[in-house]
Protein chains: 2
Amino acid sequence: MFPSVRVKVRNLDPCQQYYVAMDVMPVDSKRYRYVYHSSQWMVAGNTDHSCISPRLYVHPDSPCAGETWMRQVISFDRVKLTNNEMDDKGHIILQSMHKYKPRVHIIRQDPRLDLSQIQSLPSEGVHSFCFPETEFTTVTAYQNQQITKLKIDRNPFAKGFRDPGRNRYGSRTCPQNTRQRDPRGSAGLTTETGHQIKCLRVAGQSRAEFHTSQN
Amino acid sequence: MFPSVRVKVRNLDPCQQYYVAMDVMPVDSKRYRYVYHSSQWMVAGNTDHSCISPRLYVHPDSPCAGETWMRQVISFDRVKLTNNEMDDKGHIILQSMHKYKPRVHIIRQDPRLDLSQIQSLPSEGVHSFCFPETEFTTVTAYQNQQITKLKIDRNPFAKGFRDPGRNRYGSRTCPQNTRQRDPRGSAGLTTETGHQIKCLRVAGQSRAEFHTSQN
DNA sequence: CAGTTACCACCTAGGTGCTAATTT
DNA sequence: AAATTAGCACCTAGGTGGTAACTG
């Protein structure tokens, strides 16, 4: 997921241990389509999200003392998204052409519970936070060229698509080779789905901040 | 460090949380040199290790329930060694031309202590294990061609040095370019020191096993 | 037709031993 | 003379968007 969600935390107990986690919630129950000539997302149908419990991404530094969490910017740059409902790699499962918003959870460690393999949120000791500016729309192919440009400009892994002066990208190098495609389902491995960020701030440009009182 | 140390654990409390860690201890206080014509390591001087407290490598899966530790082979394939005494990357610091043996520690989690950033071993709740066959001698340049061959054959990252049929390795591709070397200390970044394994079993070929009674 | 996927060239990031240059 | 280091070509591993092929 790029740009990645980055947060700062305040007012934790410095000596208390916390887990920090992220999940992604549906914004509504609508399916969208992009209308090119008006550059707008329009409602295109309904979806029932109610039967799906979202997957939880636990920050790899967890568990960690409040002091340490507060001293650093907490970056979720390893979060992976997929549209494969059968995913077995622990990625966050989303449906394409829908709107979502990330949630960040600060979870106080409970010595009575084994949280080392937490799959879902505990019922107490959790504070959750949303940031409206991080809402985004999922796609399998980019609809909006400004998003494509933002990603290519900002993501180090997309460096190969910058610098149109050396125009060797964008057209296939070996167009004479007709590629053969595997029969559907032959391998069955998950392909990472592209995703489109609507308003999420670019990592390094600005940082979401929030405060939590004690907890 | 390759080959990497790999262990199995038994008789842990399935519900108890444990840290697993490794450090590397001097075998003796001798400096060695390799006598090529007799293919032997000979004592070449004395060293005082007593003032150095060895660095601890905490396995990245820590902390974790005993049940989980026992279910898997615990591999220390991310351990990094250096001969730079000023190292600030947390690597294990060793002296070249000395003999060492890895130690594996099973550390029962103590709720009273914050072990999330452990730098040294607690005074209690620790069981430590050595395996004679993992003893090795440190070098900055390989002395023994059998070791070089073992590493090239077994380490995926050394694949470029296999297959002498395509003999494009081993001799410089551009010998006409006389390389300029930076003045000493200009950058100062740590270089990973090569290291020579004497008897350590090859990962995947055999596995060290040990048992611990309760704890 | 719109949406999705497989495959690709192109990157980042970093782990190998080899060799020449340098240090001790 | 012996030990160490920097830079190198060559790998593994995996993150990018573009494109053609495929799906429904």
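Order of the sequence lines fixes the chain letters, A, B, ..., with proteins taken first and strands second; residue numbering starts at 1 for each chain.
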Legend entry - First of B:Tyr32 and B:Pro156 reached from the 5' end of DNA chain D, by closest nucleotide: B:Tyr32
Inset, instruction - Using only side-chain N and O atoms of A:Asn83, determine if any of them is under 4.0 Å from OP1 or OP2 of C:dT5. - result: yes
Legend entry - Nearest-nucleotide pick for B:Ala158, side chain only, options being C:dG3, C:dG17, D:dT4: C:dG17
Inset, instruction - Measure from the side chain of B:Phe157, starting at C-beta and using heavy atoms only, and say which of D:dG17, D:dT12, C:dC18 lies closest. - result: D:dT12
Inset, instruction - May I have the distance from B:Tyr36 (atom OH) to D:dA1 (atom P), rounded to whole angstrom? - result: 17 Å
Inset, instruction - Would you please classify the geometry between the A:Tyr34 ring and the A:Tyr36 ring as parallel, tilted or perpendicular, with 30° and 60° separating the classes? - result: perpendicular
Inset, instruction - Please state how far atom NZ in B:Lys159 lies from atom P in D:dA13, giving the value in whole angstrom units. - result: 9 Å
Inset, instruction - Ignoring backbone atoms, test whether A:Lys80 places a side-chain nitrogen or oxygen under 4.0 Å from the OP1 or OP2 oxygen of D:dG15. - result: yes
Legend entry - Candidate nucleotides C:dG3, C:dC18, D:dG15, ranked by approach to the side chain of B:Phe161 - the nearest: C:dC18
Inset, instruction - Would you kindly give the CD1-to-C1' distance between B:Ile147 and C:dT16, to the nearest whole Å? - result: 16 Å
Inset, instruction - Using the ring of B:Tyr32 (Phe, Tyr or Trp, six-membered ring only), decide whether B:Lys99 places NZ or CZ under 6.0 Å from its centre and within 45 degrees of its axis. - result: yes
Inset, instruction - Rounded to the nearest 0.5 Å, what's the gap from CD on A:Gln146 to OG1 on A:Thr148? Could you check? - result: 9.5 Å
Inset, instruction - For this output row, return yes or no: ring centroids of B:His59 and B:Phe76 closer than 6.0 angstrom. - result: yes
